[in-house]
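Hydrogens, waters and symmetry mates play no part in the numbers below; they use all other heavy atoms, side chains included. Numbers restart at 1 for each chain; the letters A, B, ... are given by sequence-line order, proteins then strands.
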Amino acid sequence: MSDTTIERTEGRSRMVGGLRAQDEGREVVLAGWVHRRRDLGGLLFVDLRDRSGLVQVSLGPDWTDAASLEVGHRVGAEDVVRVRGTVHLRPDEARNPELATGDIEVRAASLEVLNEADTPAIPVYRQPDEELPAEELRLRHRVLDLRRPELRDNLLLRHRLILAARNYLDAQGFVEVETPILTKPTPEGARDFLVPSRVHRGEFFALPQSPQIYKQILMAAGFDRYFQIARCFRDEDMRADRQPEFTQIDVEASFVGPEDIFRWMEGLMTALAAEAPGVEAVAPFERLTWADALEAYGTDRPDTRFGLRLEDVSAPLADLDFGIVRGALDAGGRVRAFVVPGGATLSRKQIEAIETAAKDTGAPGLLWCKRTDEGGSGPLSRFLAEGHYEALGLAPGDLLLAAAGADAVTSPALDAARRAAREAAGVPFEREHAWLWVTEFPVFEPGEDGALTSNHHPFVMPHPDDLDRLESDPLSVRGLAYDLVYNGAELGSGSVRIHRPELQRRVLRLLGLDDEAIDDKFGFLLGALASGAPPHGGVAFGMDRIVMLFARAGSLRDVIAFPKTTAARALFEGAPIPVADGDLRELGLRKEIPADG
RNA sequence: GGGGCUGUAGCUCAGCUGGUUAGAGUGCCGGUCUGUCACACCGGAGGUCGCGGGUUCGAGUCCCGUCAGCCCCGCCA
């Protein structure tokens, strides 16, 4: 094999990362950045970095020309240089097993500076014990931050995942179609980013929150299987796992049921996982209905890497002379609990920390007891007789954590407690990769003032068995809707959609829209459905979140080249900025200083 | 919109109960050094203690406000 032809350009013969012992004797022209320099006086080492990795370049009087040696003594970090030289095996004692290229070095015949770099404001190279620079500085000096191998590798992984997704979906017969970025404001959901129209003064486009409606229209148009790596925009406050603009893998197909989507998407996730070292996906994934997920885990996105499942312990505790339990049961609530095997070793302080996690969800507190060889301890224990421990499934050495009250309160509390207890008690994972479909999400959820809102979006097909309760008991209606959950994180969600205009109209009416509003806001969708839309369904995944999890990055900002801050600012380019009055006038807009400003 | 944490040299951090000239490591500049890979050694420069106000004889330190970054709640169909 000669120097890698795909890497050869006019400026270099190859990249550095692939050089190995078998390249000994090869003459190479390398170009890249000075990562670090070790100047021993008569001998000089330069770590040369490019996208592919690092290689040590050595300069010495026996093989480097005098002028280049002089240049070598003066180059600084991040200077862009070109090296002509020969690959040499390093002396045995000078090999570096930490480095992929550590068996060899390139002895430079010549070294030239292609572009001198300012002393970097934040270091690209970092001392082993040195913390990362402040995130503000990393974002401000993004050029330098992106040169760090960690961020570079995250973006390279992102590329491979997107490529794998395209290849897989293409192989399954899906067609990528682009949909508008300038689109129509949506009546509900997240706040839209608005874009003023110069041609139509006083009128606005919105940036899409997702291509949802367009992809359904593409189904009506007969495209049958669609996907898109789609940019989406939501003008809401941020989190570590939320950005105002983000990327979805958006998928829709015709004449399908949930099983088709599950099969394809399990294949997709398997293909993606194959690109990410340390991530595994084995189909078929587990399934859990939404109702069962809440019953067993207290959340619709359970981390099923470990057990600690919730149980209804109302019956075994029904005879308890304990006000909290009595009151909860009499009010129609339940007592639910989980057992931490061996959890009796947890200290009171540790258990209080678990309780704090539960209280942070709004619950008044937790009930708990330990079963010990001598009997029991903990607030609940003095109400318990020996028979209770057996009925609760509590063995000596175990800890029981319980919550009493309405499910709406106890579920979030027990979910938080379950995760905190696992960590505190060191309960080992039963599996490293827990993939789970949560199915049959409710179509509606209670909104303010007794109104209904969509649980997912207003286009979810109600479960056929529940259709007759749509108007009479809408909150009990399950939808053909599902989420994919990986290790307790929601990767995406989807549904079979409503494809008949009458049913769509019924659902929109239940959401409080009158016919005029429906026609105004959703007329173009209803028209498409009425034109002969096939039954269809799909799913959308948060691409950034997938990359973040697969790359084990701590933040979405570490898998997006140019992310926004928590305050939705772009520090690197400095956006947004005020706009001149004249520019606004042309758009038919005028600035108004807020009265309280 | 609300709550919390952080802000001291280019970078990462220390700075006690308010008290002399605000320190360390690294980076930067100058020098010595032929097998380093956190090279080593010698010398040097480098500070609006985020910003504004207040308390005090005296503020990096205490108080109020404000800005920025991060985390959380609300919000995110």
Side-chain angles (χ1 to χ4, degrees), chain A residues 35-48 54-64 69 73-74 76-78 88 90-99 101-102 105 107 118-141 144-145 186-192 209-210 212-213 232-244 246 357 360-362 412 441 443-445 447 451-460 479 481 490 493 495 507-508 511-513 521-522 542 554-555 557 564-569 571:
Chain A
H35 192 61
R36 204 164 165 74
R37 195 187 53 163
R38 291 173 295 282
D39 191 341
L40 274 58
L43 198 61
L44 164 66
F45 300 98
V46 171
D47 287 340
L48 183 66
L54 274 185
V55 74
Q56 171 168 286
V57 174
S58 67
L59 293 86
D62 296 343
W63 59 84
T64 307
L69 212 46
H73 287 301
R74 281 199 312 269
E78 302 310 310
H88 278 253
R90 283 150 75 149
D92 279 346
E93 67 281 6
R95 293 191 177 180
N96 184 350
E98 310 264 295
L99 201 61
T101 59
E105 66 183 5
R107 293 198 175 174
D118 292 342
T119 299
I122 59 171
V124 175
Y125 169 83
R126 202 157 41 105
Q127 304 278 327
D129 57 352
E130 191 180 8
E131 296 295 318
L132 281 173
E135 184 128 20
E136 181 181 355
L137 294 171
R138 291 179 47 207
L139 293 170
R140 226 174 262 290
H141 304 287
L144 296 169
D145 204 32
T186 45
E188 48 181 313
R191 277 182 280 268
D192 287 317
Q209 295 179 25
S210 82
Q212 179 62 37
I213 292 177
C232 307
F233 307 86
R234 291 176 193 177
D235 189 5
E236 294 291 348
D237 291 342
M238 333 214 41
R239 287 285 188 286
D241 60 354
R242 234 194 274 160
Q243 281 273 308
F246 59 99
D360 284 346
T361 69
F441 275 72
V443 171
F444 302 105
E445 58 187 7
L452 292 178
T453 60
S454 304
N455 186 30
H456 184 47
H457 57 54
F459 318 120
V460 171
E490 182 200 321
S493 62
S495 63
V507 168
L508 290 169
L511 293 169
L513 293 169
K521 307 293 186 187
F522 296 107
S555 155
R557 293 182 296 277
K564 306 288 187 284
T565 67
T566 328
R569 282 189 175 280
L571 293 185

Would you say a side-chain N or O of [X] is under 4.0 Å from OP1 or OP2 of [N]?
X	N	answer
A/Arg557	B/rC70	yes
A/Arg191	B/rG1	no
A/Thr565	B/rG69	yes
A/Ser555	B/rC70	no
A/Arg38	B/rC39	yes
A/Arg239	B/rC73	yes

Without swapping roles, check the side chain of [X] against the backbone of [Y] for a donor-acceptor pair under 3.5 Å.
X	Y	answer
A/Asp118	A/Pro120	no
A/Thr566	A/Met238	no
A/Asp192	A/Gln209	no

Could you tell me the Watson-Crick or G-U partner of [N], where both distances fall under 3.5 Å? Say none if there is no partner.
N	answer
B/rA40	B/rU32
B/rC70	B/rG4
B/rU56	none
B/rA24	B/rU12

Report task. Would you state whether a donor and an acceptor, one from the side chain of A/Arg242 and one from the base of B/rC76, lie under 3.5 Å apart? Result -> yes
Requested in this report: Run the salt-bridge test on A/Asp235 and A/Arg191 with the 4.0 Å N-O cut-off and return the result as yes or no.
Outcome: no
Query raised in the report: Is a salt bridge present between A/Arg140 and A/Asp145, judged by a nitrogen-to-oxygen distance below 4.0 Å?
Result: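 No, no charged N to carboxylate O under 4.0 Å.
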Query raised in the report: Can you find a pair of side-chain heavy atoms, one from A/Ser58 and one from A/Arg90, that are under 4.5 Å apart?
Result: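 Contact flag for A/Ser58/A/Arg90 side chains = no.
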Query - Minimum side-chain heavy-atom gap A/Val507-A/Phe459 below 4.5 Å - result: no
Are there any protein N/O atoms within less than 3.5 Å of an N/O atom in nucleotides 31-35 of chain B, and if so, which ones and at what distance?
| from | atom 1 | to | atom 2 | distance (Å) |
| --- | --- | --- | --- | --- |
| B/rC33 | O2 | A/Leu40 | O | 3.3 |
| B/rC33 | N3 | A/Asp39 | O | 3.4 |
| B/rC33 | N3 | A/Gly41 | N | 3.3 |
| B/rU34 | OP2 | A/Gly42 | N | 2.8 |
| B/rG35 | O6 | A/Arg107 | NH2 | 2.9 |
| B/rG35 | N1 | A/Glu105 | OE2 | 2.9 |
| B/rG35 | N2 | A/Glu105 | OE1 | 2.5 |
| B/rG35 | N2 | A/Glu105 | OE2 | 3.3 |

Would you mind reading off the distance between [X] atom [atom1] and [N] atom [atom2], rounded to a whole angstrom?
X	N	atom1	atom2	result
A/Lys564	B/rG69	NZ	P	13 Å
A/Arg95	B/rU36	CZ	C1'	16 Å
A/Gln127	B/rA24	CD	C1'	13 Å
A/Leu571	B/rC67	CG	C1'	13 Å
A/Asp145	B/rC70	CG	P	13 Å

Query raised in the report: Taking only residues two or more places apart in sequence or in another chain, which ones pass side-chain contact (heavy atoms from CB on, under 4.5 Å) with A/Lys564?
Result: A/Gln243, A/Pro244, A/Glu245, A/Ala570
Query raised in the report: How far, in whole Å, is B/rC49 from B/rU6 if one measures between their C1' atoms?
Result: 14 Å
Requested in this report: Do nucleotides 4-15 of chain B as a string where each nucleotide becomes B, S or -: B if the base has a protein heavy atom under 4.0 Å, S if just the sugar-phosphate does, - if no protein is that close.
Outcome: ------SBSS--
Query raised in the report: Which is true for A/Ala567 with a 4.0 Å heavy-atom rule: it touches a base, it touches only sugar-phosphate, or it touches nothing?
Result: sugar-phosphate
Query raised in the report: Taking the side chain of A/Asp47 as heavy atoms from C-beta outward, which of B/rC70, B/rC76, B/rC37 is closest to it?
Result: B/rC37
